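Single-structure report; data block below.
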2 protein chains.
Amino acid sequence: MKAKAAGLGSCNCLSLRQAARHVSQFYDQQLAPFGLTLNQYTILVRLAVLGAAPITAVAQDLVMDRTTLTRNLKPLQAAGLLTQKPSDSDRRSQYLSLTSRGEHVFALATPAWAAAQARYEQEVGAGQAAALRQLLHNVVQTPLLG
Amino acid sequence: MKAKAAGLGSCNCLSLRQAARHVSQFYDQQLAPFGLTLNQYTILVRLAVLGAAPITAVAQDLVMDRTTLTRNLKPLQAAGLLTQKPSDSDRRSQYLSLTSRGEHVFALATPAWAAAQARYEQEVGAGQAAALRQLLHNVVQTPLLG
DNA sequence: GCACGATAAGTGTAATTGCACGCAAAATGG
DNA sequence: CCATTTTGCGTGCAATTACACTTATCGTGC
């Protein structure tokens, strides 16, 4: 009997987690000089691109737990990069929006993020990177739990 | 000027993290009835497939931090699924090996893992899943940090 | 206008993770 | 053979994450 197929290499989930850890370390390293983690930078992107929004909406866009987002907001608020204020029409909703300082830091950090993207795509291959993103997008959209 | 391309959908790292979270939740749910997290099950696989090995070697195989592995071992040892004993030739090395009980639980949990794999591959597509694993493997092998 | 459930957020808490550090055993080399 | 460096592990600690719960506000029906 031939050796049992690698239970390790064939696990879809493990390969995802390992790759995510590997790439996260790299992106975090690139963004560290600006005092941002990838998660924090991602929040800035979301607000910069799509504008102000309530916490729950942002969390859904980022596929993050709402409470995790809440805690990720703290250091950003403390650094004066974004503000949070209740909506006029619904005082339960806390609208998040970038401050001018937030936009500034976002503009400063974006080249570092772009450099990380470029380095990654150079190493992995631009076509493969695009294919990978598409596959991952499909995976996230796929309902599995139940 | 047209709207800036989605900074969100185009981030390689974010798409990886989101997919990893999404799929991890599913696998963990499938393995929960056996009292195993995906990480713990992965450790059993590693030992079942490749046999006994020192902690550092296992950590490298699994692309896990060594200290994280050490802590993941605790509940498995407490449950009597694996044992840890110093090598005869090098008493620094702690050799990990499955107990018969560990092999038993591994055999019990493997169908659940296989079912998760099958469900995932059914939803995502077997061909796409294989392509994704290959791409992810490439990514993990790619040196990025520096 | 008021009681009711539904929705948006914040907090307590526990599990997980990984870096920095310390300790013991082995290898090196004078 | 002893001193030094290297290697294999465990632990303290802080950061991150997410589930369960609480609070405040909104909408509905009576």
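All chains are named by letter (A, B, ...) in the order of the sequence lines, taking the proteins before the strands, and each is independently numbered beginning at 1. What you are looking at is a predicted structure, and each value in this text was computed from that prediction instead of being measured.
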Exercise. Within less than 4.0 Å of OP1 or OP2 of dA15(D), is there a side-chain N or O belonging to N72(A)?
Worked result: no
For this session: May I ask you to verify if any side-chain N or O of R66(B) is less than 4.0 angstrom from the OP1 or OP2 atom of dT7(D)?
Result: no
Value rounded to 0.5 Å, distance of [atom1] in [X] from [atom2] in [Y]:
X: F26(B); Y: E123(B); atom1: CZ; atom2: CD; value: 8.0 Å
X: L98(A); Y: H104(A); atom1: CG; atom2: NE2; value: 13.0 Å
X: W113(A); Y: F106(A); atom1: CH2; atom2: CZ; value: 8.0 Å

For this session: Report yes if a donor N or O on one partner sits less than 3.5 Å from an acceptor N or O on the other, where the partners are the side chain of R71(B) and the base of dG12(D); otherwise report no.
Result: yes
Problem set entry | side chain to side chain donor-acceptor pair (under 3.5 Å) between N39(B) and T37(B), intermediate numbers included | CA-CA 5 Å; N39(B) 265 343; T37(B) 65; 5.5 Å; no
Nearest whole Å is fine: how far is [N] [atom2] from [X] [atom1]?
X: K74(A); N: dT16(D); atom1: NZ; atom2: P; result: 12 Å
X: R91(A); N: dG27(D); atom1: CZ; atom2: C1'; result: 14 Å
X: D28(B); N: dC19(D); atom1: CG; atom2: P; result: 11 Å
X: R17(A); N: dT17(D); atom1: CZ; atom2: P; result: 13 Å
X: H22(B); N: dA18(D); atom1: NE2; atom2: P; result: 14 Å
X: Q25(B); N: dC19(D); atom1: CD; atom2: C1'; result: 11 Å
X: R21(A); N: dT16(D); atom1: CZ; atom2: P; result: 17 Å
X: I55(B); N: dT7(D); atom1: CD1; atom2: P; result: 18 Å

Exercise. Does one hydrophobic cluster hold both L69(B) and Y95(B), with members joined at side-chain heavy-atom distances below 4.5 Å?
Worked result: no
For this session: Tell me whether V58(A) is reachable from V140(A) by hopping between hydrophobic residues (I, L, V, M, F, W, Y) whose side-chain heavy atoms are closer than 4.5 Å.
Result: no
Exercise. Which is the 5'-most and which the 3'-most nucleotide of DNA chain C that has an atom under 4.0 Å from a heavy atom of chain B?
Worked result: dT17(C) to dA26(C)
What nucleic acid atoms does [X] come within less than 4.0 Å of, heavy atoms only: base, sugar-phosphate, or nothing?
X: T56(A); answer: sugar-phosphate
X: T68(B); answer: base
X: Q40(A); answer: nothing

For this session: Go through dT11(D), dC19(D), dG8(D) for me and flag the one nearest to the R92(B) side chain.
Result: dG8(D)
Problem set entry | Passing candidate, side-chain contact (heavy atoms from CB on, under 4.5 Å) with I43(B), options L36(B), D61(B), L62(B), L81(B) | L62(B)
For this session: Hey, which sits more toward the 5' end of DNA chain D by its nearest nucleotide, D65(A) or D90(A)?
Result: D65(A)
For this session: Please figure out whether T67(A) or S93(A) has its closest DNA chain C nucleotide nearer the 5' end.
Result: S93(A)
